[in-house]
Enquirer: 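Quick one: structure below, then a few questions.
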Amino acid sequence: MALVQEQEIAGDGCVSETILELKEATIKFGGLTAVNKVSFVLNRGDLFGLIGPNGAGKTTCFNLITGVYRPTSGDIEFKGKVINGFAPNKIATLGICRTFQNIRLFGALSARENVMVGANLRSKTVMPSSFWLLPPVIRETDEMRAKAEHLLEVVGLKEDMSTRSADLSYGEQRRLEIARAMATDPELILLDEPAAGMNPLEKETLQKVVRRIRDEFSMTVLLIEHDMRFVMGLCERIVVLDHGEEIAQGPPESIRSNPKVIEAYLGEAATH
Amino acid sequence: MKFWGTRLGSIVLAVAGCYLLQTIFQGNPGMNRLVVLACLWVTLSVSLNLINGITGQFSIGHAGFWMTGAYISGVIMKFQPQLKSMPAMQLLLLMMLIAFIGTGIMGLLVGLPSLRLKGDYLAIVTLGFGEILRIVVNASEPIGGSYGLFVEPKVNSIFIAAMLAVITIAACRNLLQTAHGLEFLSVREDEVASQAMGVNNTTIKVVAFVIGAAFAGAAGAVFAHLEGFISPTSFPMAFSFIVLTMVVLGGTGSITGSVVAAIVLFAIPEYLRGMSVNGEPLRFTLAGFVAFAIAGIGALALAKYTQDRVHDSKGKLIRYIGAVVGAIVVTGVFAAIFRNIPALGGKEIGVDQIRYVIFSLVLIAVMLLRPQGVFGHHEFGWHWFKSKKSQETVA
Amino acid sequence: MIGEWTPLIAGLEFSILPQQLANGILLGSIYALIALGYTMVYGVLRLINFAHGEVFMLGAYTALLVSWKLGFTQENVAQHPDINGSILTLVLLLFCSMAVCGIVGVVIELLAYRPMRNQPRIAALITAIGVSLFLQYSGQLFLPNSPPPSINQKVNPIQGATNIPLRKASAETLNNVSTTTAAYEAAKAAFDAQLPNEESRFQLSPTGQALKETMDEANRARTDAEATANSERVEIILPNGQIVMFFSAIALMVGLHFLVNHTKIGRGMRAASHDFDTASLMGINVNRIVTFTFFIGSALAGAGAMMNATFLGTPLTTFYGVVPGVKAFVAAVLGGIGNIRGALLGGLLMGLAEALVAWAGYANMRDAIAFLILIFVLLFKPGGLLGSAAVEKV
Amino acid sequence: MTWKQVLLPLSASVIAGAIIAGCTPSTPAEDSTTGGTSTTGTTSTSGSTGESTSARPAPKGGPVAIEGNEIKLGLVVSRGGDLRPWGVDCENGANLAMSELEGGKIGDYSVKLMIQDSNSNPAEGKSAAGKLVNDGASVLIGEVASGITATMAEVSMDTGVPIVAVGATRTDLSQKVNNFFRVCYTDAFQGPVMANFAYFDLGLRKVALVTDKSQPYSTGLSDSFRQIFTKLGGEIVDEQFYQSKDTQFGAIVTNLKSSNPDGLFLSGYFNEVGPLARQLRDAGIKAPLMGGDGWDSAELISSGGDAIVGGYFCNHYNAEEDRPVVKSFLDAFKAKYSAPPATTMGALGYDATKLVLDALKRAIDTAKAENKPLDTLMITNAIENTENFNGVSGVITLKGQNGDPLKTALVVEVQKTGFKFAKSFKPEDIKGVD
């Protein structure tokens with residue numbers, strides 16, 4: 001029920017509470033600085049885009065936020081709390097969840113089971129009780145199944161609920177990843193190239209889904225995308241990275257006309 | 001209400017089944033022991049399946065856990081002989097409980113490296129653990145060393161062994177019935193993704209090792225009291241491989257697969273031991289065996305080719321039948337030819353002498369034809385008889 | 001027994017440390033040679049070839065059967081004591097072992113592993129275990145194993161040992177040795193002279209008994225003097241056979257290194273080990289590469305087996321390959337499986353560890369401690385010493 | 001994760017356990033009334049008093065009457081695994097003994113030998129023995145190793161079927177049950193023989209032991225040697241260990257060298273002793289080598305080469321002995337299998353079977369005389385009463401010996417062409433044993 005309230009607040013746009021803040025986050029691999037002093041602020045309810053040419057450090061940014069890597073310097077704050085170097089599962093528990101650029105589904109599990117893994121994060125029962133199949137666990141599992149089915153419906157995979165996830169098509173797998181991430185009830189969801197490999201029709205549906213995530217499920221969305229039209233049509237604010245450095249930040253219109261961005265995308269922007 | 005009814009019903013059913021098993025085989029001392037051993041193998045293979053198949057941690061040290069359990073019980077009986085005054089059944093249960101806990105702790109120790117190691121590296125560490133244990137026991141004379149240890153009292157109860165197997169199966173199956181079980185599967189499927197979904201991989205892996213080891217330890221206690229004598233040679237490294245084979249052959253992650261494979265693989269050598277014609281062990285000539293081996297390889301290759309390349313079911317069937325018939329014909333012809341080769345001609349071998357040759361051939365053949373294991377990731381259940389096969393593993 | 005373990009430091013005898021290090025290196029070079037086979041196959045196919053130990057066993061049997069064909073059977077040697085092997089015989093045995101093992105390796109790959117190539121690795125592993133069991137148990141039907149035969153020592157012209165003195169015993173003790181030896185010789189001569197009058201060596205008349213006791217007394221004095229000389233002396237004694245094994249192993253490894261790094265097929269192997277699928281897309285005939293890898297890896301096992309069986313003379317059973325197989329596997333993992341230099345390093349370290357553990361007075365725990373070292377190394381370097389732990393790209 | 005949630009499953013498990021424990025039917029083969037712990041040689045029994053004169057506990061099962069006119073003997077050997085060389089020899093010896101039985105019959109009974117494989121594993125050995133008894137075996141013969149025999153003895157304990165062990169030298173085995181017998185001597189006999197030989201005949205005072213830590217046989221032999229040798233006044237200056245199937249012994253050889261022994265006692269099997277001897281000599285150790293009957297194989301000379309020549313070991317018989325039974329056995333064995341027995345188990349397997357057949361004859365006579373059906377207890381008693389059985393491996397007396405035969409041991413010297421008799425030891429010759 002708390003969700004509904006937050007949604008209202010975000011919808012009104014009156015209160016802009018900072019949910020994630022990167023403060024000069026930097027990471028070096030050996031001599032290579034993959035992300036260099038990147039700073040940006042996400043407010044609750046944002047639909048935020050992170051773009052940049054190949055190798056700009058976007059996914060590394062995600063890895064920093066989700067705890068796969070620990071920043072060499074700088075801080076990452078989630079709801080005012082520094083989360084540097086937390087284990088990924090800890091960060092997921094705090095309320096940040098992600099999808100992966102190179103899809104990482106649990107291939108042998110069905111679509112529904114994939115989502116249930118995510119939903120299990122908010123389980124209130126302990127694992128030992130499942131060895132005994134105690135009633136609370138069964139009840140909870142049933143609830144999770146229902147939740148999973150609902151989320152699959154949201155991303156449009158209701159038909160394929162019991163299909164092995166490895167047997168799904170590429171686009172379906174991407175949407176399944178989103179559903180799985182949503183199942184963890186995150187406050188902030190990170191989507192890594194959700195539209196990659198989709199046809200225009202699928203992309204359009206996806207845009208709706210992402211909006212719905214924000215509006216209906218009141219999650220803050222941070223997404224990486226290559227397709228400019230997709231990003232520009234969807235995001236309210238955008239950060240552009242190039243060679244690990246932040247080169248621009250602002251609403252889509254200002255980004256579109258930013259000479260630095262055009263330079264970085266030279267030739268690439270024109271094709272989109 | 002319905003829930004508790006089902007629950008109570010299945011418990012009663014399981015107890016009754018085990019009791020039935022006991023009453024059927026009680027009177028037959030030879031079978032009695034084999035049934036107990038089969039139950040122990042089932043326990044071992046299902047518990048390894050939890051580590052290896054369900055959680056995906058490549059462990060080949062299961063004989064070590066088995067040995068730990070057996071020795072815990074043996075050593076306690078050696079140094080606390082006054083325990084013998086307890087009724088045998090209660091004593092066995094107590095020993096199983098202690099072995100369960102003790103081996104669980106051992107499982108914790110062995111499981112810890114799994115937090116850092118993966119795949120083959122983890123495999124060699126678990127293998128090394130088994131070997132270290134064997135060598136240390138060999139060198140520790142207070143607990144018998146290589147001489148071994150007599151364990152008293154001997155308790156021979158199909159009921160207990162079967163109940164242990166049932167409880168192991170139930171624990172694993174129950175786990176997979178719930179969303180918590182999915183955590184184990186997700187660790188197997190993709191550790192990075194599972195962690196990103198908030199699964200604590202560390203806990204999951206350690207729990208898998210602890211539970212898997214603990215059940216193997218309990219089986220060890222039963223084994224020690226069944227045999228009345230344990231020594232490091234009773235738990236050779238090869239046993240770890242055989243348990244692993246049971247898990248993979250049944251289909252990694254499939255509990256029913258593990259159960260069936262354990263029973264079948266245990267039964268093959270024992271069945272071949274008893275295979276006889278008019279009371280004499282079945283014998284055939286070495287020439288015949290070689291011919292059969294050659295024909296078998298050919299038939300296997302043909303079957304494999306058919307499986308991979310031929311797609312219409314009628315053609316498949318014809319080729320399969322052709323492979324079998326061809327193998328029989330080739331065996332006959334080659335046997336006739338080989339009989340004239342002096343090195344092969346005269347010798348005769350009993351089927352019980354080549355039990356393990358046949359065992360290994362079955363292993364290779366099954367793996368070639370069905371690499372995902374007999375049951376794949378699936379469980380055998382009622383849904384197999386329904387029109388639409390469910391593709392879901394669990395839940 | 002636990003109470004009787006030598007205290008760790010007090011038991012160390014530093015005068016034999018050089019010798020123990022040499023022992024370790026000699027032992028390790030053979031581990032390394034066998035480990036190379038594991039490592040090469042793993043490098044290309046990511047498959048642990050559990051049947052490698054059995055290929056090793058077949059190599060030893062090949063050497064045995066060839067030596068029998070050459071006339072070095074026990075009866076023949078007993079009848080013709082002048083039969084002696086030459087270096088040429090050894091080379092022939094080596095060649096045959098390597099060729100047979102190479103072919104066996106290729107056949108195993110073709111029949112058992114190739115169909116499994118696109119299957120889960122664990123399935124291929126079980127097939128490998130199956131092949132290993134098959135070779136062990138079917139070998140019992142066809143190969144001579146009761147009693148376990150050994151290659152007759154006459155085959156091997158390289159006998160004896162090389163002594164490298166590091167510190168000589170003092171002149172005084174040496175003098176003492178020669179006096180006591182002379183006294184013993186004299187007593188022995190007296191006893192031997194008496195022997196024809198006796199019923200047997202062990203059933204003596206009082207005279208004989210007295211003479212024998214004098215001789216035993218003199219003998220004890222002599223061994224005591226020799227013991228003093230021994231403890232003063234520091235030396236390294238290397239059995240010639242093992243020296244040959246060591247250098248052959250090194251030569252084979254250097255050859256392999258050249259092959260992998262400086263030839264076309266070696267380039268193919270490296271490409272395949274880097275990325276199997278891409279290599280095949282790049283027009284490399286990966287099947288040929290795999291076949292070749294199995295041939296070379298198995299041939300190296302054959303070489304190790306032939307040298308082990310000939311120079312050390314252990315009787316052969318079909319389980320001959322199990323222990324070297326496991327040890328070499330450990331060595332390969334220790335060095336970083338898939339890495340050729342790692343196999344060498346791992347093998348040498350294993351050998352040294354075993355020798356040093358025995359030196360410290362824990363000979364009964366030797367293998368256990370080798371495994372412990374492995375576990376500790378892996379905990380700190382999860383990819384082995386030279387292997388890089390694969391970092392998953394997220 | 002609250003404690004309540006953790007405790008609930010735990011307590012549930014305890015309750016479940018209690019329920020199972022409570023409602024379990026007790027099996028007939030209840031074992032709570034077993035005798036002593038029997039880890040030492042002299043155990044007094046409690047409870048069951050058998051009709052046998054021995055002080056060992058009686059078996060729990062049996063006696064089983066023999067129906068029909070066929071007596072089945074069950075032989076367990078290792079056809080697979082590490083022990084195969086000994087197993088095959090034992091099987092050959094037993095088959096030879098059977099083939100010498102005229103008409104395959106004793107009196108009215110035809111005698112059949114059934115053979116099962118133990119695959120060198122104690123558990124499988126027990127399964128094999130269980131199967132044989134199930135198939136109607138009235139006597140068990142085997143195994144060559146103590147570990148497997150120990151589990152087989154459990155079958156004898158439960159069923160009352162007597163067992164005659166072939167090569168199980170572990171001392172305390174025979175104390176478990178009174179239908180256990182063996183044709184080999186125990187570790188407690190062989191070790192002292194060699195200790196006496198080393199001390200008195202070779203005049204050694206400082207001996208080093210080399211033990212195969214993975215073989216109970218070797219461990220036991222080393223222990224008994226050490227015990228007697230130190231009691232006689234000698235000193236054990238060092239003990240080094242290896243595991244079966246080791247091939248390079250450099251490290252322990254170097255240690256042995258630094259301890260400067262007068263003599264070395266290698267208690268392992270010939271497989272490792274041959275190469276070990278060569279490496280000892282290569283390292284410059286000249287002290288004489290000694291061992292137990294595990295050395296007995298022609299392969300010892302082949303694998304040990306010149307290094308092993310001059311070594312002494314304790315054996316059951318010697319091929320050059322002029323006892324007629326040895327000669328006829330060797331001739332028959334060579335004729336049947338075209339080679340002499342490869343290990344000492346050929347003779348022991350032959351003796352075990354012969355001894356059983358001999359006992360059967362007497363048991364059948366007894367049954368006839370008492371006009372009772374033949375049963376396993378009669379056979380047990382007949383075996384127990386064996387006196388002066390003239391076996392290949394020596395004259396065996398089991399009467400009053402608690403299953404361990406009274407035999408003469410031979411010490412033989414290894415020579416280039418074979419083994420030469422050195423000295424024989426009767427049990428009463430051995431000093432230092434209480």
Side-chain angles (χ1 to χ4, degrees), chain B residues 11 15 19 22-23 26 28-34 37 78 81 84-91 93 96-97 134-135 138-139 141 145-148 150 152-160 163 167 223 225 227-234 236 269-270 273-274 279 281 350 352-353 355-356, chain D residues 14 16-18 20-21 23-34 37-39 61 79-81 112 114-117 119-124 126-128 130-131 133-135 145-148 150-151 153-155 157-159 170 172 176 212-216 218-220 223 241 243:
Chain B
I11 291 175
V15 173
Y19 187 68
Q22 164 130 334
T23 39
Q26 188 76 75
N28 186 341
M31 275 310 279
N32 186 323
R33 181 184 143 76
L34 293 186
L37 282 179
K78 181 174 167 134
K84 272 178 220 153
S85 57
M86 274 177 77
M89 280 300 150
Q90 271 88 331
L91 177 70
L93 284 171
M96 280 166 72
L97 192 66
R134 212 167 49 80
I135 293 163
N138 254 337
E141 257 139 60
S146 56
Y147 241 41
F150 282 105
E152 283 180 359
K154 281 199 298 168
V155 189
N156 181 355
S157 163
I158 294 182
F159 182 77
I160 298 241
M163 275 314 280
I167 290 173
F223 180 75
H225 285 278
E227 293 292 87
F229 172 81
I230 47 173
S231 78
T233 41
S234 308
E270 290 303 328
R273 184 202 290 291
D352 53 335
Q353 269 174 295
R355 293 181 301 148
Y356 280 90
Chain D
V14 172
I20 294 169
C23 70
T24 306
S26 65
T27 47
E30 220 37 272
D31 307 70
S32 44
T33 54
T34 321
T37 47
S38 71
T39 42
R79 278 169 171 165
K112 200 179 129 193
M114 300 187 295
I115 305 174
Q116 282 289 345
D117 173 27
N119 202 29
S120 307
N121 181 300
E124 277 209 52
K126 193 176 178 187
S127 297
K131 166 133 184 70
V133 172
N134 236 20
D135 290 350
S146 300
I148 307 173
T151 59
E154 300 288 337
V155 174
M157 179 78 161
D158 292 343
T159 59
R170 176 174 173 157
D172 67 358
K176 289 288 284 186
D212 180 346
K213 203 65 199 173
S214 58
Q215 296 288 355
S218 178
T219 320
D223 283 350
F241 304 97
Q243 307 262 344

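In the text below, chain A, chain B and the rest are named by the order of the sequence lines, each starting its count at 1.
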Enquirer: Under a 4.5 Å heavy-atom cut-off, does chain D meet the side chain of B:S234, its backbone, both or neither?
Expert: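 Its backbone and side chain both get close to chain D.
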Enquirer: Which atoms of B:Y356 are under 4.5 Å from chain D, going by heavy atoms: the side chain, the backbone, both sets, or neither?
Expert: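 Side chain of B:Y356 only, per the 4.5 Å heavy-atom cut-off to chain D.
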Enquirer: Side chain, backbone, both or neither: which part of D:A128 has a non-hydrogen atom closer than 4.5 Å to chain B?
Expert: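 When you check distances to chain B, atoms from both the backbone and side chain of D:A128 fall under 4.5 Å.
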Enquirer: Under the side chain to side chain donor-acceptor pair (under 3.5 Å) rule, collect the residues that match up with D:T159, sequence neighbours excluded.
Expert: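 D:T159 satisfies side chain to side chain donor-acceptor pair (under 3.5 Å) with no residue once adjacent residues are dropped.
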Enquirer: State, yes or no, whether a side-chain contact exists between B:R33 and D:K131 at a heavy-atom distance under 4.5 Å.
Expert: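 No, every pair of side-chain atoms sits at 4.5 Å or beyond.
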Enquirer: Taking D:Q243, D:K126, D:Q215 one by one, which has the highest count of heavy-atom pairs under 4.5 Å against chain B?
Expert: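 Greatest number of close heavy-atom pairs with chain B: D:K126.
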Enquirer: My understanding is that only one of D:P216, D:S214, D:S218 makes a side chain to side chain contact (heavy atoms under 4.5 Å, CB included) with B:S146; could you say which?
Expert: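 For B:S146, the side chain to side chain contact (heavy atoms under 4.5 Å, CB included) check succeeds only for D:P216.
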Enquirer: What closest approach, in Å, do D:T151 and B:E227 show between heavy atoms, and which atom pair accounts for it?
Expert: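 Residues D:T151 and B:E227, closest heavy atoms: CG2-OE2, 4.1 Å.
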Enquirer: Of all of D:D135, D:N119, D:V133, D:I148, which one pairs up most often with chain B through heavy atoms under 4.5 Å apart?
Expert: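 Sorted descending by pairs with chain B, the first entry is D:N119.
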Enquirer: Go through the atoms of B:M96 and report whether side chain, backbone, both or neither lie under 4.5 Å from a heavy atom of chain D.
Expert: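 The answer is neither part of B:M96.
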Enquirer: Sequence neighbours left out, what passes side chain to side chain donor-acceptor pair (under 3.5 Å) with B:R134? Give chain and number order.
Expert: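 Checked B:R134 against side chain to side chain donor-acceptor pair (under 3.5 Å); matches are B:E131.
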Enquirer: So B:F229 and D:K176, do their side chains get closer than 4.5 Å, heavy atoms only?
Expert: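 The answer is no; the side chains never approach within 4.5 Å.
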Enquirer: Counting heavy-atom pairs closer than 4.5 Å to chain B, which one of D:S127, D:G147, D:S120, D:A150 comes out on top?
Expert: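 It is D:S127.
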Enquirer: Assess whether a salt bridge exists between B:R273 and D:D117, defined as any Lys/Arg side-chain N lying under 4.0 Å from an Asp/Glu carboxylate O.
Expert: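 Salt bridge flag = no for D:D117 with B:R273.
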